[in-house]
2 protein chains.
Amino acid sequence: MEAVFSALGEPGRLRIVELLRLGPHAVGDIVERLGMRQPQVSKHLKVLAQAGLVKVQPRARHRIYHLDADAFEQMREWVDSFEELWAARLDSLGRYLEELDEEERDQ
Amino acid sequence: MEAVFSALGEPGRLRIVELLRLGPHAVGDIVERLGMRQPQVSKHLKVLAQAGLVKVQPRARHRIYHLDADAFEQMREWVDSFEELWAARLDSLGRYLEELDEEERDQ
DNA sequence: GTCATATATTCCTGTCAAGGAATATATGAT
DNA sequence: ATCATATATTCCTTGACAGGAATATATGAC
């Protein structure tokens, strides 16, 4: 997870990922659509690939990048692991204490 | 989202967040449990707070930090926005093309 | 083969962020 | 008011990383 977050925590890379959400794109496409320079795009894609977020697929002399569903499934599980715990605490002591705290804060 | 990912993309902060998943903790608790130095913990918590991931709640002379559910709900929606699109493409042309690509790759 | 196109890599430089140490602030106890 | 404890902030230094420019590599066209 850490590599994933670190990779997404950079503006350019996040833009690339959100572009790839629309579907696979060649490097040149990304360069053109996002107005970034080709070497930086290649470097960002390398980082994203190392984090497992994207995969490549050579197509003639183009390299088509696409998101890897597994990475997103793992992210989803990670996020869910938090919300599950909160849901479990909602009807127990934790809930009571949290309400107390909120009232206190409002005063 | 960018600030969130950037905040989580640092080992120490990720550890703090995963500790807070177990429930609210005072700064000293975090320091002790994670074996980090107090000033760094405070600084990390500041970054996490600015990203909206944690909230504070003063309790005597302690400051109890806890995760903010809204931030995780937003993350969840972000991740879902990817998986939804893929699901939508599964029974359309995209699916067909992707299968073609996979076969090609295996050869 | 040569050439052109698409992409990756290298090298350099500047910037930013993390850690360490010291210090400041806040709050409760006496 | 003084002191102790808990936490935050500042300053400094160093390392990592992003961008730019140039160059290398791969692949297809001819």
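Just so you know, these numbers use all the heavy atoms, side chains as well, and skip hydrogens, waters and symmetry mates. Here is the naming used below: chain letters follow the sequence lines, and residue numbers restart at 1 for every chain.
Between C/dG19, D/dG19, C/dG20, one nucleotide has an atom nearer to the side chain of B/Arg37 than all others, and that is C/dG20. Minimum atom distance to the side chain of B/Gln38 is reached by D/dA8, of the listed C/dT7, D/dT5, D/dA8. The side chain of B/Ala60 has C/dG28 as its nearest neighbour among C/dA21, D/dA8, C/dG28. You'll find that the side chain of A/Ala26 is closest to C/dT7, out of D/dT9, C/dT7, C/dG20.
Side-chain nitrogen and oxygen atoms of B/His44 include at least one within less than 4.0 Å of the OP1 or OP2 phosphate oxygen of C/dG19. Note on A/Tyr65: a side-chain N or O is less than 4.0 Å away from OP1 or OP2 of C/dA8. Checking the phosphate oxygens (OP1, OP2) of C/dG20, a side-chain nitrogen or oxygen of B/Gln40 falls inside 4.0 Å. Side-chain nitrogen and oxygen atoms of B/Arg61 include none within less than 4.0 Å of the OP1 or OP2 phosphate oxygen of C/dA26. The phosphate of C/dA18 (OP1 or OP2) has a side-chain N or O of B/Arg13 nearer than 4.0 angstrom. One finds no side-chain N or O of A/Arg63 lying less than 4.0 angstrom from the OP1 or OP2 phosphate oxygen of C/dT7.
Atoms CD1 (A/Ile64) and C1' (D/dT27) sit 14 Å apart, rounded to a whole Å. Computed from coordinates, the B/His62 NE2 to D/dA8 C1' distance equals 15 Å when rounded to whole Å.
Between B/Phe5 and B/Trp78, the distance from one ring center to the other falls under 6.0 angstrom.
Residue B/Ile64 is not grouped with residue B/Ile30 when hydrophobic side chains (ILVMFWY) are merged at heavy-atom distances under 4.5 angstrom, including chains of intermediate members.
The heavy-atom pair separating B/Met36 from B/Gly12 by the smallest distance is CE-CA, 4.1 Å.
Between A/Val54 and A/Asp68, every side-chain heavy-atom pair lies at or beyond the 4.5 Å cut-off.
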Table of protein N/O atoms under 3.5 Å from nucleotides 10-16 of chain D N/O atoms:
from	atom 1	to	atom 2	distance (Å)
D/dT10	O4	B/Lys43	NZ	3.4

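Judged purely by distance below 3.5 Å, without hydrogens or angles, the side chains of B/Ser81 and B/Glu77 never pair a donor atom with an acceptor atom.
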